[in-house]
Student: 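The structure follows.
Values below: all heavy atoms of this structure, side chains included; hydrogens, waters and symmetry mates excluded. On a predicted model such as this, the values are computed, not experimentally measured, just so you know. Just so you know, residue 1 is the first one in the sequence shown, and it goes up from there.
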Amino acid sequence: MAERVAIKTAYITLAQLLKMENIIASGGQAKAFLAEQSVLLNGEEENRRGKKLYPGDQVDFQGARYLIDHQSAEEDAEEAEKQAILARFAAGQKQAAHKEKKRQTAISRQQRANKKAAQRSSNQKPSGPGSWN
């Protein structure tokens, strides 16, 4: 049975498919992988990492079969929902960071005020019997 690979663009490259399926870690490894492994695209051997794969194409290698397909409307909606969740999370993180920065600023201001007050009190001329010498 073929594993469905949904794409939202018109095509992906063979190297992108290998990365998506965690066969390789980076695009730079694609050339070496394709030199060592036999990859079939629609039944014909393929070794070009930049070969464009379109919906309907079938790729076979290492005993696995991948069918390239368009991303469905449901998958589009699910991805949009994930993006909205991530955006809300990022906004919450930004707001929390802003609140923390304001809190740190207030603490810093208070520390400076305390330091100035301590300096003012230490700058006063001594008075009393101990200062008569």
Side-chain angles (χ1 to χ4, degrees):
M1 184 168 176
E3 182 178 333
R4 180 176 173 266
V5 178
I7 61 173
K8 56 184 172 183
T9 57
Y11 64 87
I12 61 170
T13 64
L14 183 53
Q16 287 174 317
L17 173 67
L18 295 173
K19 283 176 26 181
M20 285 173 56
E21 296 302 318
N22 294 319
I23 307 299
I24 59 173
S26 70
Q29 296 175 338
K31 187 175 185 179
F33 177 84
L34 293 171
E36 296 173 5
Q37 300 292 323
S38 174
V39 176
L40 299 177
L41 173 61
N42 299 326
E44 296 180 16
E45 191 161 339
E46 184 60 63
N47 61 2
R48 295 175 291 173
R49 64 182 176 201
K51 176 64 178 168
K52 295 176 182 176
L53 307 176
Y54 295 93
D57 283 344
Q58 182 176 305
V59 180
D60 297 297
F61 59 90
Q62 295 182 337
R65 177 172 288 165
Y66 299 92
L67 180 63
I68 309 301
D69 196 8
H70 282 292
Q71 189 167 301
S72 70
E74 288 175 356
E75 290 167 325
D76 286 339
E78 185 177 317
E79 187 172 327
E81 183 179 347
K82 285 179 185 177
Q83 292 300 323
I85 291 169
L86 288 172
R88 286 193 305 269
F89 177 76
Q93 292 291 89
K94 187 176 180 181
Q95 186 178 20
H98 180 69
K99 284 182 180 180
E100 178 61 18
K101 186 175 180 180
K102 284 178 72 173
R103 189 180 76 77
Q104 290 295 333
T105 301
I107 290 171
S108 178
R109 283 183 186 149
Q110 184 61 45
Q111 289 172 342
R112 284 193 306 266
N114 291 345
K115 188 175 180 181
K116 283 183 180 181
Q119 285 176 346
R120 272 187 255 127
S121 66
S122 69
N123 287 342
Q124 292 178 354
K125 294 185 178 179
S127 62
S131 64
W132 294 346
N133 297 347

Student: Let me confirm one number: the NZ-OH distance from Lys51 to Tyr11, rounded to the nearest 0.5 Å.
Tutor: 11.5 Å

Student: Take atom CD in Glu44; do more than 12 heavy atoms of anything else shown fall under 6.0 Å from it?
Tutor: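 Incorrect, the count does not exceed 12.
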
Student: Could you tell me which non-hydrogen atom of Gly56 sits nearest to which non-hydrogen atom of Asn42, and how far apart they are?
Tutor: O-OD1, 4.3 Å

Student: Using every non-hydrogen atom in the two residues, find where Leu14 and Glu46 come nearest and quote the distance to one decimal.
Tutor: CD2-CG, 4.1 Å

Student: Could you walk me through whether Val5 and Val59 satisfy the side chain to side chain contact (heavy atoms under 4.5 Å, CB included) test, starting with their C-alpha distance in whole Å, then the side-chain angles of each, then the deciding distance to 0.1 Å, before giving a yes or no?
Tutor: CA-CA 10 Å; Val5 178; Val59 180; over 6 Å; no

Student: How long is the gap from CG on Leu40 to CZ on Arg65, to the nearest 0.5 Å?
Tutor: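 Answer rounded to 0.5 Å: 9.0 Å.
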
Student: Answer yes or no: does atom CD of Glu74 have more than 12 heavy-atom neighbours from other residues, nucleotides or ligands under 6.0 Å?
Tutor: no

Student: Between Ile12 and Ile68, which heavy-atom pair has the shortest distance, and what is it?
Tutor: CD1-CD1, 4.4 Å

Student: Evaluate whether atom CD of Glu81 has more than 12 neighbouring non-hydrogen atoms of other residues, nucleotides or ligands under 6.0 angstrom away.
Tutor: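 No, the 6.0 Å shell around CD holds no more than 12 heavy atoms from other groups.
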
Student: Please report the interatomic distance CZ(Arg49) to CD(Gln29), rounded to the nearest 0.5 Å.
Tutor: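 Here the interatomic distance stands at 12.0 Å.
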
Student: Indicate if Tyr54 and Ile7 have the same hydrophobic cluster label, given that clusters are the connected sets of ILVMFWY residues with side-chain heavy-atom separations under 4.5 angstrom.
Tutor: no

Student: Would you please test Val39 and Phe33 for side chain to side chain contact (heavy atoms under 4.5 Å, CB included) and show each step?
Tutor: CA-CA 10 Å; Val39 176; Phe33 177 84; 4.3 Å; yes

Student: Leu67 and Leu53: same hydrophobic cluster, using ILVMFWY side-chain contacts below 4.5 Å?
Tutor: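 They do not share one cluster, since no chain of ILVMFWY contacts under 4.5 Å joins Leu67 to Leu53.
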
Student: Is there a side chain to side chain contact (heavy atoms under 4.5 Å, CB included) between His98 and Lys94? Walk through the geometry before answering.
Tutor: CA-CA 6 Å; His98 180 69; Lys94 187 176 180 181; 5.9 Å; no

Student: To the nearest 0.5 Å, tell me how far Lys99 NZ sits from Gln95 CD.
Tutor: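 Answer for the NZ-CD pair, Lys99 versus Gln95, is 5.0 Å.
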
Student: Report the distance from atom CZ of Arg112 to atom NZ of Lys115, rounding to the nearest 0.5 Å.
Tutor: 10.0 Å

Student: Do side-chain atoms of Thr105 reach the backbone of Lys101 as a donor and acceptor pair under 3.5 angstrom?
Tutor: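 Answer holds: yes.
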
Student: Only one of Glu75, His70, Glu79 passes side-chain hydrogen bond (donor to acceptor under 3.5 Å, both in side chains) with Lys8; say which it is.
Tutor: Glu79

Student: At their closest point, which heavy atom of Gln71 faces which heavy atom of Arg4, and how far apart are they?
Tutor: CA-NH2, 4.3 Å

Student: How far apart are the C-alpha atoms of Gln37 and Ile23, what are their side-chain angles, what is the distance that settles it, and do they pass the side chain to side chain contact (heavy atoms under 4.5 Å, CB included) test?
Tutor: CA-CA 11 Å; Gln37 300 292 323; Ile23 307 299; over 6 Å; no

Student: Which pair of non-hydrogen atoms, one from Ala15 and one from Ile24, has the smallest distance, and what is that distance?
Tutor: O-CD1, 4.1 Å

